[in-house]
Number of protein chains: 2
Amino acid sequence: MKSTSNISIWLIEDNATFRRTIARTIAKQPGFSCDGDFGRAEDALAALKTQAKPAIILLDVGLPGMSGIEAIPQLRALAPDTAMLILTVFEDEEKIVAAICAGASGYLLKTAPAEELIRAMRDVLAGCAPMNGRIARRVLEMFSKLSPRRNDYHLTEREKAVLQQMTEGFIKKEIADHLALSVHTVDTHLRNIYAKLQVNTRTGAVSKALKEGLV
Amino acid sequence: MKSTSNISIWLIEDNATFRRTIARTIAKQPGFSCDGDFGRAEDALAALKTQAKPAIILLDVGLPGMSGIEAIPQLRALAPDTAMLILTVFEDEEKIVAAICAGASGYLLKTAPAEELIRAMRDVLAGCAPMNGRIARRVLEMFSKLSPRRNDYHLTEREKAVLQQMTEGFIKKEIADHLALSVHTVDTHLRNIYAKLQVNTRTGAVSKALKEGLV
DNA sequence: ACGTCCATCACGCATTCGCGGGATGATGCG
DNA sequence: CGCATCATCCCGCGAATGCGTGATGGACGT
């Protein structure tokens, strides 16, 4: 336990020179303290098991051994409330997006001036995610791809209701009861759904419905 | 068809005064032209069916009738390449996140100065998404919630394989053939899966498997 | 007024499924 | 060496399902 008011930062970066530069920048900043610096993600993981969790971990993507991106889920498992900020030399979109998927809280360019580094750290503690527009766009695109409602199988309202009930795991009889129908009617709807979705089993229909967000 | 080089903007905003203000701001900007302004999303949808698609649509969330968020998917269906920028009075996170899921390209505060509006429009055309840190954080959180939902039901490898086959829509016999097992064995695995997942139907198992990313 | 789509209900039959039993060998662990 | 777990296999029964076929009434557009 350092000073009660200090925000604890850890740093994972293989370049020792750069690591020291950053560490000094942080230490100079009132309210922040750099309590740990590591050249490998493995070392930080080991340290997390014994030491107090930091508020923020600054994490290089290009590390020897375990990459920064691989490390994120494991770090997060040990320190669920710690913000993970990615440090990158340049804007490698693929990697940054991967890091975001892995659970990063934002990212910083290594070329960013000290003030920006500090501001980003304050931002992330305040609940904001440092992220530039290009990355943001990529993330948004992933979202709209992730919820692809564009495939329209022209299911009627009733058919959608039946399909929805199916995804809940109900059998025909239960669906019939819930929708106040006879099993025969449910059966007909089911067959129409099969035809429209081009499947021939309940599981196939449920799978397609969930994967394509039809419910 | 206006000037060939002008970027076409549409505006959907129910407050007529504010709408005119924005329209004038856009019109004054060299390279931009406000080719359509609507008080209701329905009107814009109708116009999209007959007129040339704009490059950008500025869209208020709080509209009478169809809300801006509801409108996005329909607008996008008619104009897949148009960027949708959300206009909000204040930072209503829930709505903005909903808009992003619906396919918005970014968002702007109505209180933002004209320069910021113009810059955001240029940004979005350049492939960047205007989005502030707080929203970005929300989006990141949704991502990390969405991907590592690794509830462990202690399924064995064989059970996972069977479950996977089920999500493909295969019946027991087919699964047995694909995994070179007897139907009886598949049946036993299936029953164990049901027990572990606490379901009693194939659809329930498939649903749980897909929703929780077990496959 | 006519056709089309939809929701609703019905019967019959072969297949599949859910689930109750029980059994064997392989493997890992204390 | 027991003990537990897992993967594999088997039987049988009643229920649920898939699918062909058919019918009725309402809504909607033209």
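Letters A, B, ... mirror the listed sequences (proteins, then strands); counts begin at 1.
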The side chain of [X] is closest to which nucleotide in this list: [options]?
{"X": "Arg202(B)", "options": "dC9(C), dC17(C), dT8(D)", "answer": "dC17(C)"}
{"X": "His184(B)", "options": "dC6(C), dC11(D), dC6(D)", "answer": "dC11(D)"}
{"X": "Arg191(B)", "options": "dC19(D), dC11(D), dC9(C)", "answer": "dC11(D)"}
{"X": "Asp187(A)", "options": "dG18(D), dC19(C), dC9(D)", "answer": "dG18(D)"}
{"X": "Arg158(B)", "options": "dG20(D), dT8(C), dA7(D)", "answer": "dA7(D)"}
{"X": "Thr156(B)", "options": "dC6(D), dC9(C), dT8(D)", "answer": "dC6(D)"}
{"X": "Glu159(B)", "options": "dG18(D), dC9(C), dA7(D)", "answer": "dA7(D)"}
{"X": "Leu190(B)", "options": "dT8(C), dG18(C), dC10(D)", "answer": "dG18(C)"}
{"X": "Tyr194(A)", "options": "dT8(D), dA10(C), dG18(D)", "answer": "dG18(D)"}
{"X": "Ile171(A)", "options": "dT8(D), dA16(D), dT16(C)", "answer": "dA16(D)"}

Next on the checklist: If you compare every side-chain N and O of Thr185(B) against the phosphate oxygens of dC9(D) (OP1, OP2), does one of them come in below 4.0 Å?
Outcome noted: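 True: Thr185(B) side-chain N/O within range (under 4.0 Å) of dC9(D) OP1/OP2.
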
Let me know the distance between [atom1] of [X] and [atom2] of [N], rounded to the nearest Å.
{"X": "Leu155(B)", "N": "dA7(D)", "atom1": "CG", "atom2": "C1'", "value": "14 Å"}
{"X": "Asn200(A)", "N": "dT15(C)", "atom1": "CG", "atom2": "P", "value": "15 Å"}
{"X": "Lys172(B)", "N": "dA15(D)", "atom1": "NZ", "atom2": "C1'", "value": "12 Å"}
{"X": "Ile175(A)", "N": "dA15(D)", "atom1": "CD1", "atom2": "C1'", "value": "16 Å"}

Next on the checklist: Can you tell me whether the side chain of Thr188(A) and the base of dC9(C) have a donor-acceptor pair closer than 3.5 Å?
Outcome noted: yes

Item to check | For the student: nearest non-hydrogen atoms of Thr82(B) and Pro54(B), plus distance | outcome: OG1-O, 2.6 Å

Checklist entry - Looking only at heavy atoms, which two atoms of Thr201(A) and Gly169(B) are closest? And how far apart? => result OG1-O, 2.8 Å

